[in-house]
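Let me begin by presenting the structure, written as structure tokens, before commenting on it.
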Amino acid sequence: SGYRIRGRAEESGSVMALVAVSTDERAASTTRVSRTVAIGVKRVLDVVAAVLALVVLVPVFLVVAATIALVDGRPVFFSQTRIGRRGKPFTMYKFRTMGVDADAEKSALHLANERTGPLFKLSDDPRITRSGRLLRRTSLDELPQFFNILRGDMSLVGPRPALPSEVAQFPPALRRREEMPQGLTGLWQLDGRTDADFGKYTELDLRYVDEWSLGLDLKLVVRTPAVLLRHAWASRTVDVQPTRTEAVLALGDGNDDVT
């Protein structure tokens, strides 16, 4: 009798465990479906936003393109390979803000790098053109990426698309950032843009992936104009003359891609 009772109890426990596992699997499946649907909605919103932006910003595109051509010469646009969602490479577009020989000069700048990890940034980069300083300060150089958004290479909001050379040095955990479309604006672009620490970059990108929702995207889009204005205002007094970097150039050592 005792064996029968124990056997029934064990059988009941097994059934309950199977039910729990089945319930968890259904919940996970529902979550995946919901996320897939939400990303589909995100794509529709991206297309609408990109079309509207490209129509409204036509005069701005013309003025910026004419300014670059007249002040710094051609080409007006700059293209570069970046890594998108699921690790797929794509060509990202920007207004040109550096000299045409910037790629050849980049190897001399490594010792002046102000970022940690595989990222590279200079606040007094001597490769930046006269018009390029204003375009970067106001982020107008990023406007051509609305074409990338329209094509589906990027999203309005997401982790910033990284260079292949950077991705090659990312820790495996950070590759989860590629689960989401890469974005024009995002958590790192708003909260970590001026932070030199690679750990902060990693934290913000992964937090976006883990906490993503359409609501979060909306909040980040709403925050973007104010952050851009603050950045432009804070950058207005930056000395445009090369200083530390100029000295490093003489050493002829370093590496990175144009960013």
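- Comment: D125 does not engage R136 in a salt bridge, judged by the lack of any side-chain N to carboxylate O separation of less than 4.0 angstrom.
- The heavy-atom pair separating A50 from F146 by the smallest distance is CB-O, 3.7 Å.
- The backbone N or O of T224 lies less than 3.5 Å from no partner atom in the side chain of Q189, so there is not a single donor-acceptor pair.
- Distance CG/D72 to OG1/T129: 4.0 Å, rounded to 0.5 Å.
- Without hydrogens or angle criteria, T116 side chain to F198 main chain gives a donor-acceptor distance under 3.5 Å.
- In terms of modelled atom types and a separation under 3.5 Å, the side chain of R82 and the main chain of P161 share a donor-acceptor contact.
- Using a 4.5 Å cut-off between side-chain heavy atoms of Ile, Leu, Val, Met, Phe, Trp and Tyr, with links allowed through other members, L52 and L57 fall into different hydrophobic clusters.
- Note on residues 40-51: pairs passing salt bridge (Lys or Arg N to Asp or Glu O under 4.0 Å), not counting sequence neighbours, are K42-D217.
- For the pair R96 (side chain) and P75 (backbone), a donor-acceptor distance under 3.5 Å is present.
- Here D205 does not pair with R176 in a salt bridge; the nearest charged N to carboxylate O distance is not below 4.0 Å.
- Aromatic rings from Y93 and F78 are positioned such that their centres are separated by 6.0 Å or more.
- Ring pair F170/Y201 is tilted by interplanar angle, where 30° to 60° counts as tilted.
- A donor-acceptor pair is defined here as one N or O able to donate and one able to accept, closer than 3.5 Å; such a pair exists between the side chain of S213 and the backbone of L216.
- With hydrogens and angles disregarded, a donor-acceptor distance shorter than 3.5 Å links the side chain of R177 to the backbone of R160.
- A salt bridge between E179 and R85 is absent, with no side-chain N of the basic residue lying under 4.0 Å from a carboxylate O of the acidic one.
- The backbone N or O of V209 sits nowhere less than 3.5 Å from a side-chain atom of E211 that would complete a donor-acceptor pair.
- Q169 places no side-chain N or O within donor-acceptor distance of the main-chain N or O of E166, the cut-off being under 3.5 Å.
- Looking only at distances, a side-chain donor or acceptor of N113 sits under 3.5 Å from a matching main-chain atom of K121.
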